[in-house]
Protein chains: 2
Amino acid sequence: MNRDLIFDEVLLLLPALSRGLGRPWPKEMAEIEEIVGHEFPVEGVGGSISVGHVQILISLAKGPRSVGHLAESVGVSPPAATQLVDRLVEHGMVERRPDEKDRRVVLVDYVPQMHDIARRIVESRKERLESTFASLTDEEAEAFLKGLKLLAEGFGVAFGSPGCGEEK
Amino acid sequence: MNRDLIFDEVLLLLPALSRGLGRPWPKEMAEIEEIVGHEFPVEGVGGSISVGHVQILISLAKGPRSVGHLAESVGVSPPAATQLVDRLVEHGMVERRPDEKDRRVVLVDYVPQMHDIARRIVESRKERLESTFASLTDEEAEAFLKGLKLLAEGFGVAFGSPGCGEEK
DNA sequence: TAAATTGTTTAAGCAGCTTATCTAAATCGC
DNA sequence: GCGATTTAGATAAGCTGCTTAAACAATTTA
């Protein structure tokens, strides 16, 4: 396949994907609803949790994080992070707690029962990913990741790794 | 590299990319500004044109399209398409014209001078893409496209190809 | 020709983001 | 120790892009 044609297709696919990935993904919402619903029924979770919220849930997997840290990690402004956390608190998924060492910072952490749920949400995401890419060989999967990284780099994407900025 | 680790990274990269790709890309805006500015100075184009607008400009490369067609092609609702077209009309980039054969439909087309400009915008996008992926071998590039397609499929993304739905 | 359908626009509303501003706590300098 | 600066977070106001519901005009169907 001609390299030029490849990029033609990529060019067309990217905006569509950006849209697709960026909106609350009904299938996943249903899953989260189901997972959360079993543990402690939170009304109206479905439809009201979005990419940013999931990113935060993933970020918290490595332990409590400050709001500022989350903002950086997710790649949004601090007020936006406040807002995302607000929503998660409303849903009873995370809680705020003052940092003992610096009472300016607010630490965000899973609500106790959420630890396991968050793990499962991440896992379910990964499973979906695995099944989506089932037909890819290992080499292809690796090439895909490589491309993704280049893209992120090229587009100046704030790397939203939960591990990033461990301590700045 | 372990397949599991690959998907871990992909999992983290996707939301960040979705954000990054989804917002008006400063570098590109500057380029468009420059391109458009040379032809006919349109005030305030920079910052006010977004992914959807570019998608429409790309879609129109194959000829005039109805609003409904554009909506489908971009993957948004008809009112949203109307809005996107509105903005482009404001900027003097496209124009509306009633369809002779069916006076319900409104055809959208480039303003005459835009033909060349739109071509260059698309080209500049592709060039940036090519340079971003310069370090990829042909095989890797192909694998990347394959992955992208799987992703789009898996996420139920409306394929935003301008060629889609040529006639339904 | 009346009724239903189709294509577009208008209206209302929401989610998510931004910047600017404010408050509280910590740190620096003397 | 005490005032001035810095830092973390929250609040406010405003914008953009999207959605659904409703309105309207033109076409097709019966």
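Order of the sequence lines fixes the chain letters, A, B, ..., with proteins taken first and strands second; residue numbering starts at 1 for each chain.
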Between atom [atom1] in [X] and atom [atom2] in [N], what is the gap in whole Å?
X      : N      : atom1 : atom2 : value
A/D102 : C/dT27 : CG    : C1'   : 10 Å
B/L107 : C/dT6  : CG    : C1'   : 15 Å
B/Q83  : D/dT20 : CD    : P     : 13 Å
A/R103 : D/dG9  : CZ    : C1'   : 14 Å
A/Q55  : C/dC17 : CD    : P     : 9 Å
B/R19  : C/dG16 : CZ    : C1'   : 9 Å
B/R65  : C/dG7  : CZ    : P     : 15 Å
A/R104 : D/dT5  : CZ    : C1'   : 12 Å

Return the 5'-most residue of the pair A/V51, B/P79 with respect to DNA chain C, ranking by each residue's nearest nucleotide.
->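 Counting from the 5' end, the first nearest nucleotide belongs to B/P79.
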Got A/R19 and B/Q55 here, is their nearest side-chain heavy-atom distance under 4.5 Å?
-> yes
Quick check on [N]: is either OP1 or OP2 less than 4.0 Å from any side-chain nitrogen or oxygen of [X]?
X     : N      : result
B/S66 : C/dG7  : no
B/T82 : C/dT8  : no
A/S50 : C/dG16 : yes

Please test B/S73 against B/S59 for side-chain hydrogen bond (donor to acceptor under 3.5 Å, both in side chains), starting from the C-alpha separation and ending with a verdict.
-> CA-CA 7 Å; B/S73 154; B/S59 290; 3.0 Å; yes
